[in-house]
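Below is one structure; the comments refer to it alone.
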Amino acid sequence: MVKIIYTKTKIDLEIIDDGIGFNEETAKRAKLNHHLGLRSMQKRIELLQDEFEIISKMNEGTIIKIVYTNKRGF
């Protein structure tokens with residue numbers, strides 16, 4: 001599921017996956033194997049000085065939260 005809340009000052013985006021989730025060790029192994037999708041997303045958001053959060057629990061899924069503020073105008 002994808003949730004988007006758009007206002008004049010910011011965009012809140014949530015990507016919700018009800019799959020198997022992952023733990024920190026799985027994420028480290030993926031990075032070592034050059035699977036950089038989520039890390040690439042995180043770096044791009046950080047370069048914009050905005051917010052990025054990954055919440056994942058084994059057997060419960062993953063939520064990616066991004067908050068993009070209107071610093072440069074939409």
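Note that the numbering runs from 1 along the sequence shown for the chain.
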Worksheet item: Between I15 and I4, is there a shared hydrophobic cluster once you connect ILVMFWY residues whose side-chain heavy atoms come closer than 4.5 Å?
Response: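 Yes, one cluster joins them.
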
Item to complete: Determine, using the 4.5 Å side-chain heavy-atom cutoff (strictly less than), whether I45 and Y6 are members of one ILVMFWY cluster.
Response: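 I45 and Y6: one cluster.
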
Worksheet item: What is the distance from atom CD of E51 to atom CD of E46, rounded to the nearest 0.5 Å?
Response: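 Between E51 CD and E46 CD, I get 11.0 Å after rounding to 0.5 Å.
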
Hey, can you pull the donor-acceptor pairs under 3.5 Å for the side chains in residues 54-63, sequence neighbours left out?
unit_1 : atom_1 : unit_2 : atom_2 : d
S56    : OG     : F22    : N      : 2.8
S56    : OG     : F22    : O      : 3.2
S56    : OG     : G61    : O      : 3.4
S56    : OG     : T62    : OG1    : 2.8

Side-chain heavy-atom pair [X], [Y] within 4.5 angstrom cut-off:
X   : Y   : answer
D50 : V67 : no
I64 : E14 : no
K10 : Y68 : no

Fill in: Single hit among I11, L13, D12 for side-chain contact (heavy atoms from CB on, under 4.5 Å) with I66
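Testing each of I11, L13, D12 against I66, the sole residue satisfying side-chain contact (heavy atoms from CB on, under 4.5 Å) is L13.
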
Discussion item. So, using salt bridge (Lys or Arg N to Asp or Glu O under 4.0 Å) as the criterion, who are the partners of D17 when residues are at least two apart?
Written reply: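 Scan of D17 (salt bridge (Lys or Arg N to Asp or Glu O under 4.0 Å), adjacent residues dropped) gives none.
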
